[in-house]
Number of protein chains: 2
Amino acid sequence: MIDINKQLRSKSYSVPCELCSVGSICIPMLLKNTLHTVLDRKQSFLKNEVIVKEGDPFEKFYIIHSGAVKTYVTVNGVEQINGFYLPGDIVGFDCIVTKKHNNSIKALSNTLTCELKYNELMELIVNNPDARETIFNLMSQDIINYQKLVLSYSQKNAEEKLAAFVCGLYTQYAKRGHTSLNIKLSMSRTDIANYLGLTIETVSRIFSRMQDLNILAVKGKYISIKSISALFDLAAEKN
Amino acid sequence: MIDINKQLRSKSYSVPCELCSVGSICIPMLLKNTLHTVLDRKQSFLKNEVIVKEGDPFEKFYIIHSGAVKTYVTVNGVEQINGFYLPGDIVGFDCIVTKKHNNSIKALSNTLTCELKYNELMELIVNNPDARETIFNLMSQDIINYQKLVLSYSQKNAEEKLAAFVCGLYTQYAKRGHTSLNIKLSMSRTDIANYLGLTIETVSRIFSRMQDLNILAVKGKYISIKSISALFDLAAEKN
DNA sequence: CGTCTACTTGAGTGTGTTCAATGGTAGTGG
DNA sequence: CCACTACCATTGAACACACTCAAGTAGACG
């Protein structure tokens, strides 16, 4: 039996509404008091809880308020991680066309989500140009992020991939207002390796090497960026 | 001086309107005779012609009618290919949020495009639920394709990547009604290698190996699939 | 027919993997 | 509080796949 109170005690970053992905549609709508039909605020999930199973019918977009989730597919019983989502991120644009979830979603830590009901949202955007523009922009940005990720995968070696991964985490938190050089990894080394297409040993070795080079200090799930410029240099594309 | 007539002589697949990505909005609109404000039909480009330069202002989506294009970014003078687009494909959803082109677009062979004006399209979808749904579905599908590509990159070895690439070409043509096992590669080995994150030598060697295994017959730009099932097996995710 | 470019093939090297052993840490129960 | 267990992470040694460098071949075009 899991002790819910104990699990929820661990603190994690949360994103204020102004810095959330859907902020620009969420806040004005909220003021007009019409969003309650569209948005379920602050649903909570425990660490390791499966929020959505691959194949489930698609009903809502999930916006991460605090905590973190991973999305993954299972092929021949093996998990293949598609992405990590941090506070302010929104999950589910791939589901519009399929009407079902293409990936499972699992909480990496205790997580609060705000959930946008798809059908109600689609009705909303008919008469709301701001909401419509926001959704198009979010989807378009999603596509850009994937394009960059594909390039990242196809052009980078292991060290560059991992550096880019850490830079991405830093940038993601920075965008949402947390500019600390100390980052807590919500995911395991196994998850990172899986996501980056490396082995856990390689991830471990590269973290050690970066520590030797005084770029990072690594202690379990906690990493501290010692030289942000060197880290970004490592992550950059090959010339 | 390029001999236009000669260049245009080479034949290539074209997609009938019913099988085009935007068919469901294009055809009915065309019947109601309102699409002429949105769609420029059959613009032609020569092989190697740059259709769009990275950074150009975003005005139109490009739908490939016949021929093929590649999209790429240039980093430190080096081209990094983002994707290949074949008849029926649509290019440009990443540009909605940036309002400019994030990638250059270049014709790989003589190419005809139908071009959808963005501003006019956005006005159209306000009052046209079918068009709106089509655009959302296309963008959502784009995201799914990128998700699969990312998995493909992170989980596959060189042989599996190339097999998946050829399967992708076959599937793409099949979806548009061309089920031939003979495929003409519009792109060079260099382009394929760049796109898959491999070297040209590795691509060449793997094509040779697949030929030895009687999976493909390779002759320059022409490949003939000898065993579609073996090819799909090779392309499959690792177990 | 010669030139230029694209592709293929070979030999040696290196990065990241595999296999294996060890070291840490968190959770559980005495 | 400490011991025990289980899981996760680190490190080492040997191997393999893909890369680099280099030479040779085929095809396109003037």
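To find a chain, count down the sequence lines: A is the first, B the second, and so on, and within it residues start at 1.
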*asked:* What residues from residues 208-222 of chain B pass a heavy-atom cutoff of under 4.0 Å to DNA chain C?
replied: Ser208(B), Lys221(B)
*Backbone N or O of Asp94(A) within a donor-acceptor pair of the Asn102(A) side chain at under 3.5 Å?*
yes
_Protein-nucleotide distance (Phe207(B), atom CZ; dT25(D), atom P), rounded to Å_ = 23 Å
*Quick one: do the Asn182(A) and Ser224(A) side chains pair a donor with an acceptor below 3.5 Å?*
yes
_Can you tell me if Ser188(B) touches the phosphate of dA6(C), counting only side-chain N or O atoms and a distance under 4.0 Å to OP1 or OP2?_
no
*Any idea how Phe58(A) and His101(A) line up, ring-wise: parallel (<30°), tilted (30 to 60°), or perpendicular (>60°)?*
perpendicular
*asked:* Strictly below 4.0 Å: does Thr199(B) bring a side-chain N or O up to OP1 or OP2 of dC19(D)?
replied: yes
*Among dG16(C), dT10(D), dA18(D), which nucleotide sits nearest the side chain of Arg189(A)?*
dT10(D)
Please list, for nucleotides 11-14 of chain C, all pairs of protein and nucleotide N/O atoms separated by less than 3.5 Å.
none

*Taking all non-hydrogen atoms of both residues into account, name the closest pair between Ala163(A) and Leu234(A) and its distance.*
CB-CB, 3.7 Å
*If you pin Ile206(A) and Glu201(B) to their nearest nucleotides in DNA chain C, which one's is more 5'?*
Glu201(B)
_All pairs passing salt bridge (Lys or Arg N to Asp or Glu O under 4.0 Å) where residues 53-79 of chain B contributes a residue, at least two apart_ = Asp40(B)-Lys60(B), Lys60(B)-Glu115(B), Lys70(B)-Glu79(B), Lys70(B)-Asp191(B)
*asked:* What's the angle between the local helix axes at either end of the helix from dC1(C)-dG30(D) to dG30(C)-dC1(D), using five pairs per end and rounding to 10 degrees?
replied: 40°
*How long is the line joining CG of Asn48(A) and P of dA26(C), in whole Å?*
15 Å
*Does the side chain of Lys226(A) reach to within under 4.5 Å of the side chain of Ile215(A), using non-hydrogen atoms?*
no
*In whole angstrom, what separates Glu160(B)'s CD from dC17(D)'s P?*
12 Å
*Whole-Å distance between dT15(C) P and Lys156(A) NZ?*
18 Å
*Between Glu159(A) (CD) and dT15(C) (P), how many Å, whole number?*
10 Å
*Over how many whole Å does the gap from Lys47(A) atom NZ to dG27(C) atom C1' extend?*
11 Å
*Rounding to a whole Å, what distance do you find between Asp191(A):CG and dC7(D):P?*
16 Å
*side-chain N/O Ser204(A) vs dT10(D) OP1/OP2, d < 4.0 Å*: yes
*Taking the inter-plane angle between the rings of Tyr170(B) and Phe232(B) on a 0 to 90° scale, is it parallel (under 30°), tilted (30 to 60°) or perpendicular (over 60°)?*
perpendicular
_With a 4.5 Å cut-off on side-chain heavy atoms, are Asp89(A) and Gln172(A) touching?_
yes
*Listed partners of Thr202(A) passing side-chain hydrogen bond (donor to acceptor under 3.5 Å, both in side chains), at least two apart*: Thr199(A)
*Is it true that Glu49(A) and Lys106(A) make a salt bridge, defined as a side-chain N closer than 4.0 Å to a carboxylate O?*
no
*salt bridge (Lys or Arg N to Asp or Glu O under 4.0 Å) involving Arg205(A) - partner list, sequence neighbours excluded*: none
*Whole-Å distance between dT8(C) P and Ile223(B) CD1?*
11 Å
_Donor-acceptor pair, distance only, cut-off 3.5 Å: does the side chain of Arg176(B) make one with the backbone of Thr171(B)?_
no
